[in-house]
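Written below as structure tokens is the structure these notes are about.
Just so we're on the same page: letters track the sequence lines, and every chain starts at 1.
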Amino acid sequence: MSELFNVSANPHVRSKDTTQTIMRDVLIALAPAAIFGIYNFGLDALLRIVIGIVTCVAAEAIYQYFMHKKVTVGDLSAAVTGLLIAMNVPPTLNVGYEILGCLFGIIIVKQLFGGLGQNFMNPALAARCFLLIAFTSPMTTFMYDGVSSATPLAVLKPGAEPGEATSLLTLFIGSHSGVIGETSAICLIIGACYLLIRKVISIKIPATYIISFALLIFFFAPGHAFDAEYMLKEVCGGGLLLGAFFMATDYVTSPITPMGKIVFGIFLGFLTFIFRMFGGSAEGVSYAIIFSNCLVPLIEKYTVPKSFGKKKVKAAPAK
Amino acid sequence: MSKCTFKGGVHPYEGKELSMDKPIVELMPEGDMVYPLSQHIGAPAVPVVAKGDHVLAGQLIAEAGGFVSANIHASVSGTVKAIEPRTLATGGKCNSIVIENDGKYEEVEYVAKKFEDLSRDEIRDRIKAAGIVGMGGAGFPTNVKLTPKNPDEIDYIIVNGCECEPYITSDYRRLLQESDNVVMGLKIALSLFDHAKGIIAIEDNKPEAIKLLREKTENEDNIEVKVMKTKYPQGGERSLIYAATGRSINSSMLPADAGCIVHNVDTIFSIYLAVIEGKPLTKRIVTVTGDGVKNPGNFYVFLGMNYRQLLEAAGGPDGEPEKFISGGPMMGFAMYSLDVPVVKGSSSLLVFKEDIVSKIESSACIRCGRCGAGCPSHLLPAKLAKLASKKDEEGFTKFDGMECVECGSCSYVCPAKRPLTQQIKAMRRTIMANRRKK
Ligand code: SF4
Ligand code: SF4
């Protein structure tokens, strides 16, 4: 036995969870919806998922290598971004566009801001918004079973051309058009439950987000106030569930304070309601989240938790 | 029955099964005994013996050096060999009395008394004379705690039987094996106050202790056994007071400001020994455990004994352990040498085969918020650590960094393995030093 032993500051034990195990859990949780996407849209979806993940991981590794930084793709965060980007594009999107989106998300939004933990916008959503602006038509043209078809949400949009309404059950299961990963409510909910049980995410943001949005729709949706079925369709159709459970909960770009999470969720619900009901497009989740990401520092500033035992008026002066 | 708890906290691997069923074994000391003059907070004790003096076990060898200070007694009989600086488990050096053990264990005569015959002042005097301090590690003199400014406002005396630090089982064994005397100690403490109630707080991972103490206190109207949820740091003073009574205190308050006095199990037992049997504090229970020792166990140890002997008592090292910790894994001190004495606050020697902390690499903060969720003081450790690394004293104080109890929960849960507690602690030291300068 050597005579001088290792010393270090307390604590001397650490939990088993690491950044990598957390990201792995997110990948596992996204799997049901991704697999359903492949089932629903076929090989087109599989191809885009593979390309999304490979491009993001490779882009991050190459960038870090050439910038002489530690290559951290092992933490799996780039893989999560890649999968999320793929799940957020239509299965028919030109693969080149998708690659461009991945590069934008990883290089510009994530790495140029300092890498994991420093980016203020969710890279996957930033990529989606970038693609929506740059390639509006391919990003919003949906095919289903070989025919072009409006998404259920577009049909629900106030003032939209009357189309064939999708039944609630179909929305729940997910066999309809849309982006690859958003269609199946049930698969997304299964994944979300996994994250909640594993305590990877807290229920605060998704719950306040979905509930506030649903209430606004129920009471104030133009032409559909007090229409429960309409409300449920708005919740299950489109990107709300994917966004609320998997993107609004992104640690890096959501408030760290417990109160802040609630404020953030309510604000998201409000913005999504406005964008979907009164905005130019049927979808509003992505823009709502990106917009709210920018407000996170402000939200955090005003929601610092009260420390334990602190009285409003200081009970005793510090010695 | 509902379980008491607090908001925050973490669930580290408990490791109690290694030693919880091992009855206490008394260890006879070998070699020189070392008695550091600072085994408590406050001024060091002042030696009342000189080199060459013969002393008996239980004899006073150093006297309290001020109000917040405590007497120190020899635990063996023998000759004073030296008074010189010696290394402590915490790594610092402290002037210490060294006694050569003559192996005879001749004791001074202890004056036993009946509880009924003692006045409050006599009880306090006997506790003071015995040199009892908080034995959970803080080392606050017990008689000072039991003499608050407004004794009328003390509503609760809480016996901290949580033992929330993983691995340690010394309090648990004490509760199981000496339950009568622990209850007696609490009754003595309660007798000092007009309307204090006793609470024995035990975590729900120790059902046997809960059952036994419930039986023993069945006929005591003003003593209640409360079950606490097993969670770290349930036994932290602030968390415990909150869980047991619903009252909360911050860093600038004493438990007495919330009408509470908290005592460790071994401290309460020492009160019994001092007041009834007239014996000073010269022994304590130490758990020696971890995957780096062959036979983990609980030992009744003479204060002043060498840590090396503790390791041998537990069957010696298993392989080549990399880490030795005095205290628990969450708040204990890593030791660079085992050549240090057991003192009043030594609750355990923890030996790990592998020093995991030195092997993990920290990565970027992913803002997961787990550090804040686990913080018993409801702080934002990630933010505080950032402010600390920028040396922003003002910001650090504004975000209540001085409310941190240094429990280690934040570092423990962080998935990015950031050294949060370490950074926050360092900053607190700097700020405290600066305040003292002013
Ligand atoms: S636990 Fe670690 S990674 Fe999570 S917010 Fe705190 S410092 Fe950052
Ligand atoms: S060490 Fe301090 S900041 Fe970290 S969890 Fe404990 S009290 Fe909170």
Q: Please list, in residue-number order, every residue in residues 192-213 of chain A that has a heavy atom less than 4.5 Å from any heavy atom of chain B; write 'none' if there are none.
A: A:K199, A:V200
Q | Separation of A:S307 OG from B:M402 CE (nearest 0.5 Å) | A | 12.5 Å
Q. Under 4.5 Å between any side-chain heavy atoms of A:F308 and B:R238, yes or no?
A. yes
Q. Does some side-chain heavy atom of A:P11 sit less than 4.5 Å from a side-chain heavy atom of B:M331?
A. no
Q: Could you tell me whether the side chain of B:K417 and the main chain of A:S15 form a donor-acceptor pair under 3.5 Å?
A: yes
Q: Check A:R14 against B:I356 and note the closest heavy-atom contact, atom names and distance.
A: N-CD1, 3.8 Å
Q) chain B: which of A:Q20, A:K16, A:H12 shares the most heavy-atom pairs with it under 4.5 Å? A) A:H12
Q) Tell me, side chain or backbone of B:Y13 under 4.5 Å from chain A's heavy atoms, or both, or neither? A) neither
**Q.** Engaged part of B:S411 at the chain A interface, taking heavy atoms whose separation is under 4.5 Å
**A.** both
Q | chain B neighbours within residues 247-270 of chain A, where any heavy atom lies under 4.5 Å away | A | A:Y251, A:V252, A:S254, A:P255, A:I256, A:T257
Q: Would you please go through residues 377-384 of chain B and name the residues with a non-hydrogen atom below 4.5 Å from one of chain A, in numerical order?
A: B:S377, B:H378, B:L379, B:L380, B:A382
**Q.** B:R370 with A:D17: basic N within carboxylate O range, under 4.0 Å
**A.** yes
Q | Interface residue of largest heavy-atom contact number with chain B, from A:V304, A:V7, A:T21, under 4.5 Å | A | A:V7
Q: Report the option among B:Q422, B:M335, B:R247 that has the most heavy-atom pairs separated by less than 4.5 Å from atoms of chain A.
A: B:M335
Q) Which residue out of B:G328, B:G332, B:S239, B:G372 racks up the most heavy-atom pairs below 4.5 Å with chain A? A) B:G332
Q) Checking heavy atoms, do the side chain of B:P166, its backbone, both or neither come under 4.5 Å from chain A? A) neither
(Q) For A:N10 and B:F333: C-alpha separation, side-chain torsions, deciding distance, then whether side-chain contact (heavy atoms from CB on, under 4.5 Å) applies. (A) CA-CA 7 Å; A:N10 69 309; B:F333 294 92; over 6 Å; no
**Q.** Over 12 foreign heavy atoms within 6.0 Å of OH, B:Y242
**A.** no
Q | A:E300 portion near chain B, given a 4.5 angstrom heavy-atom threshold | A | side chain
Q) More than 12 non-hydrogen atoms from neighbouring residues, nucleotides or ligands closer than 6.0 Å to NZ on B:K294, yes or no? A) yes
Q: In sequence, state the C-alpha distance, the side-chain angles, and the governing distance for A:K70 and B:E361, and then conclude on salt bridge (Lys or Arg N to Asp or Glu O under 4.0 Å).
A: CA-CA 12 Å; A:K70 207 172 144 227; B:E361 265 179 71; 3.3 Å; yes
Q: Below 4.5 Å from any heavy atom of chain A, which atoms of B:K425 appear? Answer side chain, backbone, both or neither.
A: side chain
Q. Considering residues, nucleotides and ligands other than B:K149, do more than 12 of their heavy atoms fall under 6.0 Å from its NZ?
A. no
**Q.** Part of B:F6 within contact of chain A (heavy atom distance under 4.5 Å)
**A.** neither
(Q) Shorter than 4.5 Å, heavy atoms on both sides: which option in B:G408, B:C368, B:G369 has the most such pairs with chain A? (A) B:C368
(Q) Report, in residue-number order, which members of residues 102-129 of chain A are under 4.5 Å from chain B by heavy-atom distance. (A) A:L116, A:G117
(Q) Is B:I360 in contact with chain A via its backbone, its side chain, both, or neither, using a 4.5 Å heavy-atom distance? (A) side chain
